[in-house]
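We're numbering straight along the sequence, starting at 1. Side-chain atoms are counted along with the backbone in the values below, which use heavy atoms only and exclude waters and symmetry mates.
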Amino acid sequence: MYNSTVVTTTHGPVRGRIAGGVVSFKGIRYGADTAAHRFEPPRAPAPWTETVNAFEFGPTAPQDHPDEAVDRADNPFLRMVGLTDNLPESEDCLFVNVWTPGTASQAREAGDPAPARPVLVWVHSGGYSDNSGSSPSIDGAALAERHDLVVVTFNHRLNVLGYTQVVDPLAEPDSPYAASGNVGQLDIVAALEWVRDNIAAFGGDPGSVTLVGQSGGALKISLLLAMPAAQPLFHRAILQSGTASAGTAVRAQTPAEALAVAARLRAAAGLPASAGPEALAGLALEDLMRAYKSVATGMTTFGPVVDGAIVPAQPFSQESVALSGDKPLIMGDMDTEASLFLFPRREEIEALGRDGILERLSGAIGRRAAERLVTAVEDSRPGIGPYELAVRIVSGELFAVPARTGAEARATGAGAPTWRYRNVLRTPAVDGALMSPHELDVALVFGNVDTAVGLNGGTAGARGVSRILGAAWAAFARTGSPLCQEVPDWPPYDRDRAVLLIGPSPALAADVDGEVLNAAAAADAAPVDWFTALLP
């Protein structure tokens, strides 16, 4: 048997489980089934009167090829990083999850005043195409209990279902499909509206909502910072390793670019170029996903659109910084992000050698730019071999340069402070080849070291960094500043370019890897696929 408690939401009552010092509510519906209105903005769910058990996560947004069996629980890579939710996929995916140290009704029963805990809303990773808010690495119980927070995760529409611009939003602003390229973002807005309207009943303060996301989650938060409709719904944000757009902070598609992707989708689905949006909307899900999988070349092929209405301007543009400049921000990266993607080809990279890497880069960005970039990396890390050289080049281009670009845009145009960090924790995983990879920090933020021990090694250093991240992120959620006992000195990013190096013993650095990032930024004169620039 288990203990439970009931909370009444604006749509109906839900029952959560009590375990230890935390009440968990999983799979609370915040939107109606989207299958009946594909490519359209989210709609509120039908209300209910009978208490619904919120004991299990809701379905994951469709993301897998319908003809390929996917078992996340048996995938070595996903087990390593703790992304093994293995839940059914459905267009009926608008569900939210809550972990709280105590609900408002429990407080009243105990004779305590109504609690008003800070709320931390996690926006899940996976670019714009994959993953969910239900992975073991982001279970919110430990974070909620250790830091007296209310923690929220959720699912929303992804990939072809959340980010396909099926009509020209400028030419047809009144079409029911005008927002189709941004409905995944509008789902997130709907989830935040649910938090605003309901979180007080779960013991949270709707006036103190902090968004946190890693990788694709941080990309999506960057878009929220540029969306007028989202501004009243959150108060600060943390962007972890989520600025993977070479040379810029984050970039959304133009309507023309998005419509070109939709045209390729129609062709892949066997539809004529003249087919209206209803043709795509009426496809069987399996057929739509097959077409999507044949068109997508990455996790951001289908992504948000600067449509002049929902997203008026590019993230971190002057206009967007002015829009959300009242919100404090933390943003940063891992020391060797790209190792997570390059380590399977380590032997090939080592065989290329330093000269081979230089030659391949020269073909992509020109000899002078390549020599400047390689020399800057080698000068910053004397004695490194070809593999780490390649990892640091790609990491700088895709993560560090954009993080600095975004921080500087904020430093010159925002009223609220921005803090920048570099996570330098090293993992022993894969014989040390991962160094400080993308994704390493996710389970650590949540205090769930053991769910991703294959990635972090379960070391004392990993557990120490987990305590630091949890404490600093919780302090930021509570006060708007990350300063706490574990991090007593961390000035905001300004002309001194202060960066906190987060490791077992945090330390401050000025303009970390400055010469490398200058060389990397200078190499961005033309779009480059930095992975294929180094390897075919």
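- Taking all atoms of both residues into account, the shortest heavy-atom contact from Ala218 to Gly213 is CB-O, 3.4 Å.
- The aromatic rings of Phe25 and Phe202 stand perpendicular to each other, their planes meeting at an angle above 60°, with 30° marking the opposite boundary.
- Put simply, the side chain of Leu219 reaches to within 4.5 Å of the side chain of Thr300, judged on heavy atoms.
- What you find for Phe234 and Lys327 is that their closest heavy atoms are O-CE, 2.9 Å.
- Relative ring orientation between Trp99 and Phe57 is described as tilted, the plane-to-plane angle lying within the 30° to 60° band.
- Looking at every heavy atom in both residues, Ala309 comes nearest to Pro228 through O-CD, 4.4 Å.
- Here the options are His235, Arg478, Arg236, Arg117, the test is side chain to side chain donor-acceptor pair (under 3.5 Å), and the partner is Ser208; only Arg236 passes.
- Residues Pro42 and Arg157 are in side-chain contact: their nearest non-hydrogen atoms beyond the backbone lie under 4.5 Å apart.
- A salt bridge links Arg422 to Asp333: at least one charged side-chain nitrogen sits closer than 4.0 Å to a carboxylate oxygen.
- Ring geometry for Trp490 versus Tyr421: interplanar angle over 60°, hence perpendicular rather than tilted (30 to 60°).
- Looking at Asn97 and Thr153, their side chains do bring a donor and an acceptor atom within 3.5 Å of each other.
- At least one side-chain heavy atom of Pro437 sits less than 4.5 Å from a side-chain heavy atom of Leu455.
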(Q) side-chain hydrogen bond (donor to acceptor under 3.5 Å, both in side chains) for Gln185 and Tyr163? Distances and angles first, verdict last. (A) CA-CA 8 Å; Gln185 292 298 121; Tyr163 298 99; 2.9 Å; yes

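- Heavy-atom minimum distance, Leu78 versus Asn75: N-OD1, 2.9 Å.
- If you check the side chains of Ser241 and Glu337, you find a donor sitting under 3.5 Å from an acceptor.
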Q: In sequence, state the C-alpha distance, the side-chain angles, and the governing distance for Trp194 and Phe154, and then conclude on ring pair (Phe, Tyr, Trp, His ring centres under 6.0 Å).
A: CA-CA 11 Å; Trp194 183 93; Phe154 60 92; over 10 Å; no

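- By the 4.0 Å N-to-carboxylate-O rule, Asp64 lies close enough to Arg72 to be salt-bridged with it.
- Atom CD of Glu319 is surrounded by more than 12 heavy atoms from other residues, nucleotides or ligands within 6.0 Å.
- Between the side chains of Asp197 and Thr10, no donor-acceptor pair of N or O atoms lies under 3.5 Å.
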Q | Worked check of side chain to side chain contact (heavy atoms under 4.5 Å, CB included) between Val487 and Cys484 | A | CA-CA 5 Å; Val487 184; Cys484 56; 4.1 Å; yes

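- Val96 approaches Val152 most closely through the heavy-atom pair CG2-CG1, 3.4 Å.
- The pair Arg29-Asp92 counts as a salt bridge, with a side-chain nitrogen and a carboxylate oxygen less than 4.0 angstrom apart.
- Under a cut-off of 6.0 angstrom, the local environment of CD in Glu68 is crowded, with over 12 non-hydrogen atoms contributed by other residues, nucleotides or ligands.
- Ring geometry for His438 versus Phe399: interplanar angle of 30 to 60°, hence tilted.
- Shown here for Pro482 and Ile330, the closest heavy-atom pair between the two residues is CB-CD1, 3.9 Å.
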Q: Verify side-chain hydrogen bond (donor to acceptor under 3.5 Å, both in side chains) between Ser137 and Ser135, making sure each step is shown before the conclusion.
A: CA-CA 5 Å; Ser137 61; Ser135 299; 5.0 Å; no

